[in-house]
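See structure below.
The analysis underlying the following values was restricted to heavy atoms, covering all of them including side chains, and did not include hydrogens, waters or symmetry mates. Numbers restart at 1 for each chain; the letters A, B, ... are given by sequence-line order, proteins then strands.
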There are 2 protein chains.
Amino acid sequence: MVPSRNSSVVPLSKRKIACKDCSLFQICLPVGISEEELERLEKIIQRRRPVKRGDHLYNSGDPFRSICAVRSGSIKSYVPTEKGNEQVTGFHLPGELLGLDAISQKIHPCSAKALETTSVCEIPYEQFELLSNELPVLHRQLINLMSKEIFEEETHMVLLGKKSAEERLAAYLFSISMRYQRRGFSATEYYLSMSRNDIGNYLGLAVETVSRMFTRFQDDGLLTVERKHIIIHNLDRLRHLAGAMPCKSDGNSFCFTRS
Amino acid sequence: MVPSRNSSVVPLSKRKIACKDCSLFQICLPVGISEEELERLEKIIQRRRPVKRGDHLYNSGDPFRSICAVRSGSIKSYVPTEKGNEQVTGFHLPGELLGLDAISQKIHPCSAKALETTSVCEIPYEQFELLSNELPVLHRQLINLMSKEIFEEETHMVLLGKKSAEERLAAYLFSISMRYQRRGFSATEYYLSMSRNDIGNYLGLAVETVSRMFTRFQDDGLLTVERKHIIIHNLDRLRHLAGAMPCKSDGNSFCFTRS
DNA sequence: AACGGAATATGACAAATATCAATTTGTTCT
DNA sequence: AGAACAAATTGATATTTGTCATATTCCGTT
């Protein structure tokens, strides 16, 4: 059942919702481009009909055709390794892009699976390239976003290489908080769309360890957890538990927050 | 003491070694651009005087000014965390770029330190941007290289999240082998410019564990190790030991090699 | 509403790797 | 060349986290 957001006349997948009317305008690809440029970009952006939970946006090995931006819902990227085994490489929340790892090889190294009913904007890469010849600002914006992704993956490498189980989960929850906050949602109360299994996989921990850490956090009064529903009571303490993290302060300076 | 860079006739730093005469032409930024485009790019590329072992190319927090390409030698990127503590985020061999994580924030999140006497080409980013307005191929090439870096960081995440100590070191050595091979050097015999400490740090292992694994590999007859000098006797077995790895086969297909 | 399978939680135990300590070897500086 | 320091190796032990087993809860399906 598709919710009532597209009730009356035009189905969601056909309805042209302009980028400038999108709640994600500030954090998606079009940020910082002029109205006229935006209009030309919008002409090539496709809005897919929502994908259901468990559906794949693409699979590892598929040819790369377009960059995707999450509009609502959430996506998990993972590298399938051996039979049944996989490594989760990232979660994509609204306003975030995915598929950037496929540009070079023209083939998707990861699979992308919807964690819930999710709608995405697709930007066909060939057309994007053509348009970028005239509008270098598009390339520039993509480069910026890719740079940010490289930086974030480095942050995650620090997590996987240096942090304890407790620090990992704390850092993870804090990161989710910040990302939700950025798009205008509550930083302290949300539903986790991914399973404990996915979280553990992403953090390099066993499922059981993740469970135990949730329990410990709750026993410590740091948060309340009821399955996927999370209420964080002390965001500051959570950040401290997460340990040192490279971060961009809102100004232009760069800092490392230690505990 | 400044070395004899302006001694005899033409100092190294002033000498124009054309990109097309560089041994790294095939793997550096200029790949796949026309002669005329290359000439214009070369005008903005600066060749720094070699940096000595231990010197920094830039420090965490420094303003971002240019992308660097390693010409010879090697560089370690690391995130300084607390006092003395650090997380190594990558090693850069000849033909490889560094600093891509700083484009977005305009500030370097990592420090970059020479592991040996190293020379780099610097591409001032502002000028690169201006030139790219006229030559979109430059942007395109940068995007390709960034995409490749994102992919490689994902591969490293799989290593940190899923692999045993043995697999990690094997994967690391195999990766070094492939990268040397690519630039025309021996894949089976080389000097590691980085310390065991750096290797362990990068792989999320204690120094002692790295040492023990080297010993084990040698006892197994897989390789001969004499401090930094490595001779690999069975590259195929090394790859098998490294476990499943996402890789681009030379064609256009995508595969996962499982041991 | 009842069933069945999947996800989560919790406890007991095992294993891999980190930590600590001591020794050897190599490198740098005077 | 020798002294002092740093890096690497090796062994003994500790600790964290993974694995296995079991119980419980939840959710989707019939």
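Between the CD1 atom of A:Ile199 and the C1' atom of C:dA7 there is a distance of 12 Å, rounded to whole Å. Rounded to an integer number of Å, the gap from A:Lys228 NZ to C:dA9 P is 9 Å. Per the geometry, NE2 belonging to A:His229 stands 17 Å off C1' belonging to C:dT8, to the nearest Å. Rounded to an integer number of Å, the gap from CG of A:Asp198 to C1' of C:dA6 is 13 Å.
B:Arg237 meets the salt bridge (charged side-chain N to carboxylate O under 4.0 Å, His left out) test with no other residue; sequence neighbours excluded. With sequence neighbours left out, the side-chain hydrogen bond (donor to acceptor under 3.5 Å, both in side chains) criterion links B:Glu189 to B:His229. For A:Glu122, the side-chain contact (heavy atoms from CB on, under 4.5 Å) test picks out A:Gln46, A:Arg48, A:Ser66, A:Cys68, with sequence neighbours left out. Shown here are the side-chain contact (heavy atoms from CB on, under 4.5 Å) partners of B:Asp62, two or more places apart in sequence or in another chain: B:Tyr58, B:Asn59, B:His108. Taking B:Thr215 as the reference, B:Asp219 meet the side-chain contact (heavy atoms from CB on, under 4.5 Å) condition, with sequence neighbours excluded. With sequence neighbours left out, the side-chain contact (heavy atoms from CB on, under 4.5 Å) criterion links A:Ser211 to no other residue. A:Arg53 meets the salt bridge (charged side-chain N to carboxylate O under 4.0 Å, His left out) test with no other residue; sequence neighbours excluded.
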Summary of protein contacts for nucleotides 21-30 of chain C, nucleotide by nucleotide, where a base hit scores B, a sugar-phosphate-only hit scores S (4.0 Å, heavy atoms): ----BS-S--
Working for side-chain contact (heavy atoms from CB on, under 4.5 Å), residues A:Tyr202 and A:Met194: CA-CA 10 Å; A:Tyr202 179 63; A:Met194 63 293 293; over 6 Å; no
side-chain contact (heavy atoms from CB on, under 4.5 Å) between B:Ile232 and B:Leu222, worked out: CA-CA 6 Å; B:Ile232 295 162; B:Leu222 180 64; 5.5 Å; no
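Between B:Arg71 and B:Cys121, the shortest heavy-atom distance links the atoms CD-SG, 3.0 Å.
Taken residue by residue, residues 210-222 of chain A places heavy atoms nearer than 4.0 Å to DNA chain C at A:Ser211, A:Arg212, A:Thr215.
With A:Arg196 contributing its side chain and A:Lys228 its backbone, the two residues share no donor-acceptor pair below 3.5 Å.
A heavy-atom distance below 4.5 Å is not found between the side chains of B:Tyr78 and B:Ser60.
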Using distance only, find each side-chain donor-acceptor pair of residues 88-98 of chain B under 3.5 Å and give its atom names and separation, not counting sequence neighbours.
| from | atom 1 | to | atom 2 | distance (Å) |
| --- | --- | --- | --- | --- |
| B:Thr89 | OG1 | B:Ser77 | O | 3.3 |
| B:His92 | ND1 | B:Leu97 | O | 3.3 |
| B:His92 | NE2 | B:Ser77 | OG | 2.7 |
| B:Glu96 | OE1 | B:Leu93 | N | 2.8 |
| B:Glu96 | OE1 | B:Arg179 | NH2 | 2.9 |
| B:Glu96 | OE2 | B:Arg179 | NE | 2.9 |

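For the helix from C:dA1-D:dT30 to C:dT30-D:dA1, the end axes, each set by the C1' atoms of five terminal pairs, are bent relative to each other by 60° (nearest 10°).
No engagement by B:Gly200 is indicated, since no non-hydrogen atom pair under 4.0 Å with the nucleic acid exists. Using a 4.0 Å heavy-atom criterion, one finds that B:Gly204 contacts the sugar-phosphate atoms exclusively.
The outermost nucleotides of DNA chain D lying under 4.0 Å from heavy atoms of chain A, listed 5' to 3', are D:dT17 to D:dC26.
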